[in-house]
Number of protein chains: 2
Amino acid sequence: MTTRTDAPSRREQILKEAARLFAERGFHGVGVDEIGAAVGISGPGLYRHFAGKDAMLAELLVGISGRLLTGARRRLKEAGDGAAPAGPEAVLDSLIEGHIDFALDDRPLITLHDRELDRLRDSDRKLVRQLQRQYVELWVQVVREVYPHLPEPAARSAVHSVFGLLNSTPHLARPGALPGRADTAALLHRMARGAFAAAAGAE
Amino acid sequence: MTTRTDAPSRREQILKEAARLFAERGFHGVGVDEIGAAVGISGPGLYRHFAGKDAMLAELLVGISGRLLTGARRRLKEAGDGAAPAGPEAVLDSLIEGHIDFALDDRPLITLHDRELDRLRDSDRKLVRQLQRQYVELWVQVVREVYPHLPEPAARSAVHSVFGLLNSTPHLARPGALPGRADTAALLHRMARGAFAAAAGAE
DNA sequence: CAGGCAGGTTAGCGGTCGTTAACCTGAAGG
DNA sequence: CCTTCAGGTTAACGACCGCTAACCTGCCTG
């Protein structure tokens, strides 16, 4: 059978370029003509695929938040399966690894994720915030299993701060001039664990 | 003599409100009429104080980068003075403390600092980037004094990541619902030190 | 008291931008 | 072969926005 699931399908092509442009110059800083030009069509042709410029941003942000959350849930469940369920430390490592993969592979989306949220319609913004909140709470629970005496507010602050740390990848040198992906991922992972440990240390 | 250095001087008032609005809705998302309204005058009255909207953003970003850098240099020098010069660990703590103070006191500026840089004229952008680079290099040097066996590229990445961690404060709950300023500062400080230690740990 | 100037005001211009309207075209289907 | 339709095109509209022009006004100063 010839089902080609890898077809980039124009729609996804548009979303990818739009994400890049929005991340580079901000939502209001990019015109629809530019987005069209980036995929080889021009201006209003985009309206055959999306209801409007807002709809592109909405689909991007909902998609990001959703994928982050479902990925985290999958990792949590996988850790719980198996004959010997993994300890909370392994689950935390898995969450960190997943977030790093995302931050390294989809830099533009990471940038958009906490930058253009306020440009959404109320309903979309609520949805995205809800997904984000669930993602955070999932992390908070795991962190508190690893460090049981860390109070919940401190754990939540720590999670947000570690997100800030992991999401700093867009600032880490433009092309591949830096120490290779694997090394960067390892460094970020170590720092995240170190930050959590220190958060739980003196409190 | 009657020199009142505390006069909020309209100009600073405008800058403060502009910073808040830019941080909330993005540079392109805010109109000059809104900025004017925020300080009680309306629209074009701003042009008595600034050459244009771009000039406000430029002054904000140059000001931030400059204050961060001069603050860090001052702390470095103060540590070197005195009969018993402070060790590198104390200097690093001082840098972290200064950055946290800034992040907690000027949230809108922190947000603008790495978000709207590309909206500047070439000359201003170069200046800001140069100031930022010097600030980063200053941190890198101090970090490498504390952890001498940490290679420079890793140290630079670690510094950027810690900035991401410290600059996450805008995401930490809107009003003062969270655990008080001092506790937040202490938590961030601990996490930053833990992250650096972990960065130097396995490499 | 005259004059200048700092610091406002409103009206309006010129450009840009998101969106719609109207039209075109090539490929698939009966 | 005719129709249909997905996926484009260009033209143009309406709104908005940054900025300028022209004018006003109270305060300081000689």
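Computed from a prediction, not measured in an experiment: that's the story for all the values here. Below, chain A is the first sequence line, B the second, and so on; all start at residue 1.
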Report the distance from atom [atom1] of [X] to atom [atom2] of [N], rounded to the nearest whole Å.
X: A:F50; N: C:dT20; atom1: CZ; atom2: P; value: 15 Å
X: B:L57; N: D:dG18; atom1: CG; atom2: P; value: 13 Å
X: B:F27; N: D:dC17; atom1: CZ; atom2: C1'; value: 12 Å
X: B:R11; N: C:dG7; atom1: CZ; atom2: C1'; value: 14 Å
X: A:I35; N: D:dG8; atom1: CD1; atom2: C1'; value: 17 Å
X: B:D54; N: D:dG18; atom1: CG; atom2: C1'; value: 9 Å
X: A:D33; N: D:dA11; atom1: CG; atom2: C1'; value: 13 Å

Taking A:D105 first and then A:R181, would you say they form a salt bridge - that is, a charged N and a carboxylate O separated by under 4.0 Å? yes
Is the shortest distance from a Lys or Arg side-chain nitrogen in B:R11 or B:E59 to a carboxylate oxygen in the other one below 4.0 Å? yes
Would you tell me if any nitrogen or oxygen in the side chain of B:R10 comes within less than 4.0 Å of OP1 or OP2 on C:dA6? no
Quick one: is B:H49 getting a side-chain N or O under 4.0 Å of the C:dG8 phosphate, OP1 or OP2? yes
When all nucleic acid strands are considered with a 4.0 Å heavy-atom cut-off, which category describes [X]: base, sugar-phosphate, or nothing?
X: A:G43; result: nothing
X: A:V30; result: sugar-phosphate
X: A:G31; result: sugar-phosphate

Counting heavy atoms from C-beta on, name the nucleotide in D:dG18, D:dT20, C:dT19 closest to the side chain of B:P44. D:dT20
What nucleotide, of C:dA11, C:dT20, D:dG18, holds the atom closest to the side chain of A:Y47? C:dT20
Distance under 6.0 Å and angle within 45° of the ring axis: does B:R67 meet both against B:F102? no
Any side-chain to backbone donor/acceptor pair from A:R133 onto A:V128? Under 3.5 Å, distance only. no
Taking A:E145 for the side chain and A:P88 for the main chain, is one N or O donor matched with an acceptor at less than 3.5 Å? no
Distance-only polar pair, side chains of B:H113 and B:N167, donor-acceptor under 3.5 Å: no
Output one line per pair: protein atom, nucleotide atom from nucleotides 22-26 of chain C, and distance, for all N/O pairs under 3.5 Å.
none

Passing candidate, side chain to side chain contact (heavy atoms under 4.5 Å, CB included) with A:I100, options A:L166, A:T184, A:T169: A:L166
Quick check: on DNA chain D, is the nucleotide nearest A:L46 upstream (toward 5') of the one nearest B:V32, or the reverse? Name the residue that is more 5'. A:L46
